[in-house]
Each structure stands twice: as structure tokens, then as C-alpha cells.
There are 2 protein chains.
Amino acid sequence: MNGTKQEHDEDAAAALRQTSLRVTKQRVAVLDAVRVHPHTDTETVIRSVRESLPAVSHQAVYDSLHTLTEVGLLRCIKPSGSVARYERRIGDNHHHLVCRSCSLIVDVDCTIGQAPCLTPSHDAGFVIDQAEVTFWGLCPDCTAAGAQRTGDDQFSAV
Amino acid sequence: MNGTKQEHDEDAAAALRQTSLRVTKQRVAVLDAVRVHPHTDTETVIRSVRESLPAVSHQAVYDSLHTLTEVGLLRCIKPSGSVARYERRIGDNHHHLVCRSCSLIVDVDCTIGQAPCLTPSHDAGFVIDQAEVTFWGLCPDCTAAGAQRTGDDQFSAV
DNA sequence: CACTTTCCTTGACTCGTTCAAGAGAAGCAG
DNA sequence: CTGCTTCTCTTGAACGAGTCAAGGAAAGTG
């Protein structure tokens, strides 16, 4: 998780080659942006990428995020009331804590072993491939600030 | 869960009165629409409501869904890649099976007792009020049709 | 019935995201 | 290194779910 930017860029390039995607500076920068800002939204990725590549179009970032998600280099999460967010920590079935007030997202590992609640009581004939667990609440800062489901969360699930 | 439409309307009216919301025909119709079509989206609610009240504005439906969700008569769920959907089954901490192909949503009860994975391994200081579990997969129909994450799902979490 | 307060209608608008066409670069063969 | 093919990026317009705001209508109250 630590190393020079160049090392990370080489890792990113290698990961791209493994998926037979072309290695472009835009994609490397997107991977880097998500590494630096975990659970970041597209807007922030765009700003972050433009620090090193001022001319990237927003579309390139959208495309990259899509493609990288498709090949499994990124994971996309979209909690209710929040825009799409991306992370590079994939394949370990971890879950998320989401703050109802400020939308802060924090990783949590599974409560019970590797794949916790992956067995619903009945599967209704579904072929299930993933169980996604989201914990809703208030982050420490918002708790301290006395937040009460403020902002864009009045619409989230009970 | 069964009874005449009028009986349901009276139940809806009573529920509204208990929350000190005004009983309007729009709200009653919205509650009825969600009862008849569980896990329905706003679009469908609007169409459904207009069968009995042709002149309702989309805004009235949006407002009603908001308000009813806020007071706890409805629950709003927004799986990734899907628009907002509503249900009347609330307060029992059940979860959802979502089809990656056709977005069909089916209720599932908790695997383990009442509130299953409600304890993350560490809570990062969050005050957690809810654990939401979503099972992703393919519904029987889409499995039979050989669906492979088609449509608007190529963007969903891994 | 009259009055107050809440709710609905109308219509414009925002924002995240997507579409489409053409220019540009990555990778490969020679 | 060079040219070719194919994939990717830029540009700019468009879409759709959802929201905002102002005024008129209806629910509840006495």
C-alpha cells in the first residue's frame, strides 16, 4: 500500500496488461486516484486525475471507471442517497459503514469469517453470487456534531 | 394482506392519521399502489395511482413517497443500478435478493435470527442503526434465459 | 361555514451519467 | 522505426430521475 508514485503506476500498468486492456495514462491516473482516495466519487476522481493530466475529459474518467470495474480492478458502490463511489480493495468480501449525515464510507471486515451472511434463509430460486452488507449510522464526527439524519439522507431506507 | 380495496384504503387512512399526516386521496392511493406492487419504482407508482386518480402530478407522488418514507410507513430501497423502489413491509429487518439482469427484487428473511450481521467486527466509532443486506444474483427466469449480467448491471459491485 | 395549515399542481430546472462522432494514441506486424 | 488496425479519448449534446418554487386547492378545526 506504500511506495513511490512511479511504483504504483507500474503496478497499475501491469494490472491493465493482465486484463488485455491498453495501458493509457488516463487509466493509470484513474487507478491511482482511487488508490489515493478510497471510496471516492467520480467528481473527485476527475479532479484528482486532472492534477497530473489537466486535459482529461470527464468522459474518459467515466469510461475508465466503467471498464476497470468491469474487468474487476475496481469495485463500484452506490449507497442510497449517494453517487457512485469506487474502491480498489476487491475480492475480499469486506463491507461498508456509511454515515447517514456526511456519506463517509469506512471499510469493515466480515463479522463472521469470510463470507458471512452469504446464505439467505431461502433463495427463491436465485443463483446468488454476492452478499453485500451495508451498515448505516453516524460517523464519529457527525455524532459529535449532533447530526440527525441531515442533508440528503432523509430518503434512505429505514 | 387480503381484503377489499376499501378496507385497505381505510387501513391506509388510519395509518396516516396515526402519524398526524393529513389523509388525502393521493397518499392513500400511493400506499395502495405500493401494497399492490411491492418493490415498485416511482414510475410504476405514478401509473398505478393514475388508474384511480388520473390527474395526480408526478410531484405529488414523489412528495408522498418521501413523506411516507420519512414517517416510516414505507421503506425505500435503491439497489445499485436501479432507481428508487418502495415497499410497505417495514420494521422486521428483512433483506433483499436482487436480480442482476432484470432487477427483480424478492424479500428474504434474516439468516440468523432477528438482526443477523448487525455487529461489524469493528465499528470505527460509528453509531450504527441498521444493517442492510443485499444478495445479488440471477432470478430463476433470467437464469433459465441464460442471462449473463446483461443490461444495466455491468456497473454493479463485484 | 370560515379559517388556517398542509398538500397538490404546474412547470422549470439540476445533476450525475450516458450517447455519438470523429480525432488520437497503443500495440502489433513487418 | 514505420505504418496499420483497433481501441480509447475528446468534444459536445442529450437524457432521466429527482428536486425546487410559487400559487391554488383541499383537509382539518372550531
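Side-chain atoms are counted along with the backbone in the values below, which use heavy atoms only and exclude waters and symmetry mates. A, B, ... follow the sequence lines: proteins, then strands. Residue 1 opens every chain.
- Using modelled atom types and a 3.5 Å distance limit, the side chains of B:His8 and B:Asp32 yield no donor-acceptor pair.
- Between the NE2 atom of A:His66 and the C1' atom of C:dT18 there is a distance of 8 Å, given to the nearest Å.
- Look at CZ on B:Arg17: it is 12 Å from P on D:dA27, rounded to the nearest Å.
- In this structure, a donor-acceptor pair under 3.5 Å is present between the side chains of B:His96 and B:Glu87.
- Between the CD atom of A:Gln26 and the C1' atom of D:dC7 there is a distance of 12 Å, rounded to whole Å.
- In plain terms, the two heavy atoms of B:Thr44 and B:Thr40 that are nearest each other are CB-OG1, 3.0 Å.
- Atom CD1 of B:Ile77 is separated from atom P of D:dA17 by 17 Å (rounded to the nearest Å).
- Here the side chains of B:Ser103 and B:Pro79 are not in contact, with every heavy-atom distance at 4.5 Å or above.
- Checking B:Leu21 against B:His58, the closest nucleotide of DNA chain C that is more toward the 5' end is the one next to B:Leu21.
- In terms of phosphate contacts, B:Arg27 brings a side-chain nitrogen or oxygen within less than 4.0 Å of OP1 or OP2 of C:dC7.
- For A:Arg47 and A:Glu43, the salt-bridge test passes: some basic side-chain N is under 4.0 Å from an acidic carboxylate O.
- For the atom pair OG of B:Ser52 and NZ of B:Lys25, the computed distance is 10.5 Å after rounding to the nearest 0.5 Å.
- Regarding contacts with the backbone of D:dG18, a side-chain N or O of B:Thr42 is found under 4.0 angstrom from either OP1 or OP2.
- Here CD1 of B:Ile105 is found 14.0 Å from NE2 of B:His95. Values are rounded to the nearest 0.5 Å.
- For D:dC9, one of the phosphate oxygens OP1 or OP2 lies less than 4.0 angstrom from a side-chain nitrogen or oxygen of A:Thr24.
- Sorted by residue number, the members of residues 48-57 of chain A with any non-hydrogen atom under 4.0 Å from DNA chain D read A:Ala55, A:Val56, A:Ser57.
- Proximity note for B:Asp63 (side chain, C-beta onward) versus C:dC7, D:dT8, C:dC8: the nearest is C:dC8.
- For B:Arg22, the listed nucleotide lying nearest its side chain is C:dT6; candidates were C:dT9, C:dG16, C:dT6.
- The interatomic distance linking A:Leu16 (CG) with C:dA25 (P) rounds to 18 Å, in whole Å.
- Atom CG in A:Leu68 sits about 14 Å away from atom C1' in D:dC9, given to the nearest Å.
- Residue B:Lys25 contributes atom NZ, which lies 11 Å from atom C1' of C:dC7 at whole-angstrom precision.
- Here the P atom of nucleotide D:dG18 and the CG atom of B:Asp41 are 8 Å apart, to the nearest Å.
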